Amino acid sequence: MALKVKPKRYGPVFVIFDGGAALRYASGEGADSSPYPPAGSPVETMLAALGACIVRSLEWTAGRHKLQLPPFQVRVAGVGAPELPGRLETAEVAVIGRLSDDAALARQIVAQAKAACTVSNSMNSAVTVRLEEG
């Protein structure tokens with residue numbers, strides 16, 4: 001019989017892309033941003049890595065479509081699994097912003113970025129990525 005634990009929520013962690021080479025991070029709504037990932041817990045660091053990977057994958061995918069991305073951010077949150085061993089059962093990434101005037105192209109870029117992200121592909125949990133146009 002598997003031991004059940006109450007699922008814990010982690011995040012949100014924000015990764016902010018302003019069009020430059022450096023990313024910024026924030027741990028929670030309205031938190032000040034920093035050039036460093038949050039140091040609250042290893043899980044928050046993992047969520048920041050997932051968000052950074054999605055941002056970099058979006059840049060790469062957009063470049064393949066000859067699209068210059070405007071500033072945007074991603075919000076990453078996770079829910080722990082209800083049984084041991086401890087792990088995330090789900091992670092959700094929301095891309096917040098208008099990536100392109102062509103909504104179909106924006107959705108395609110998000111889907112391709114999710115498929116290209118090494119971190120999401122390496123996680124042993126369900127990872128969803130969706131677009132929230134601002």
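Fair warning: this is a prediction, and the values are worked out from it, not measured in the lab. Keep in mind that the numbers below use all heavy atoms, side chains included, and drop hydrogens, waters and symmetry copies.
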| said: Less than 4.5 Å apart, side chain to side chain, heavy atoms only: is that true for Met123 and Met46? | reply: yes
| said: Could you go through Glu89 and Arg87, starting from their C-alpha distance and side-chain angles, then the distance that decides it, and tell me whether this counts as salt bridge (charged side-chain N to carboxylate O under 4.0 Å, His left out)? | reply: CA-CA 6 Å; Glu89 184 170 60; Arg87 67 189 186 291; 5.4 Å; no
| query | Ala62: what forms a side chain to side chain contact (heavy atoms under 4.5 Å, CB included) with it, not counting sequence neighbours? | reply | Leu67, Leu69, Ile109
| message | Count I, L, V, M, F, W, Y as connected when their side-chain heavy atoms are under 4.5 Å apart, and connections chain through other members. Are Tyr10 and Val15 then in the same cluster? | response | yes
| note | Those residues at least two apart in sequence (or on a different chain) that pass side chain to side chain contact (heavy atoms under 4.5 Å, CB included) with Ala113 are Ser57, Leu58, Thr61
| query | Taking C-beta and beyond as the side chain, do Tyr25 and Pro35 meet within less than 4.5 Å on heavy atoms? | reply | no
| remark: For Thr118, the side chain to side chain donor-acceptor pair (under 3.5 Å) test, sequence neighbours excluded, returns none
| request: Return each pair, listed once, that meets salt bridge (Lys or Arg N to Asp or Glu O under 4.0 Å) where at least one residue sits in residues 59-73; pairs must be two or more places apart or across chains. | output: Arg56-Glu59
| Nearest 0.5 Å, what's the OG1-OH distance between Thr45 and Tyr36? | 14.5 Å
| task | Write out all pairs satisfying ring-ring contact (aromatic ring centres under 6.0 Å, His included) with one or both partners inside residues 72-123, taking only residues at least two apart or from two chains. | result | Phe17-Phe72
| Which residue pairs pass the side-chain hydrogen bond (donor to acceptor under 3.5 Å, both in side chains) test with at least one member in residues 107-116, sequence neighbours excluded? | His65-Gln112
| query | So, for Arg98 and Pro70, which heavy atoms are closest and what is the spacing to 0.1 Å? | reply | O-CG, 3.1 Å
| salt bridge (charged side-chain N to carboxylate O under 4.0 Å, His left out) partners for Asp32, two or more places apart | none
| Nearest-0.5 Å distance, CG of residue Leu50 to CG of residue Leu88 | 9.0 Å
| message | Filter on ring-ring contact (aromatic ring centres under 6.0 Å, His included), then keep only pairs touching residues 88-118, sequence neighbours left out; what's left? | response | none
| remark: Between Ala52 and Leu23, the two heavy atoms sitting closest are CB-CD1, 3.9 Å
| Between Gly78 and Leu47, what is the shortest heavy-atom contact and its length? | N-CD1, 4.1 Å
| query | Hey, any chance Val76 and Val95 share a hydrophobic cluster, counting ILVMFWY side chains that come within less than 4.5 Å of each other, even indirectly? | reply | yes
| query | Atom OG of Ser120 and atom CD1 of Ile54: how far apart are they, to the nearest 0.5 Å? | reply | 4.5 Å
| query | Has the side chain of Arg75 got a donor or acceptor atom that lies under 3.5 Å from a matching backbone atom of Phe14? | reply | no
| said: So Ser100 and Leu105, do their side chains get closer than 4.5 Å, heavy atoms only? | reply: yes
| request: Could you name each residue pair satisfying salt bridge (Lys or Arg N to Asp or Glu O under 4.0 Å) that touches residues 9-22, not counting sequence neighbours? | output: none
| task | Could I get the full list of side chain to side chain contact (heavy atoms under 4.5 Å, CB included) partners for Ser41, not counting sequence neighbours? | result | Val43, Glu44
| note | Rounding to 0.5 Å, atoms SG (Cys53) and CG (Asn121) come to a distance of 7.5 Å
| How would you list, by chain and number, every residue that makes a side chain to side chain contact (heavy atoms under 4.5 Å, CB included) with Thr128, sequence neighbours excluded? | Glu92
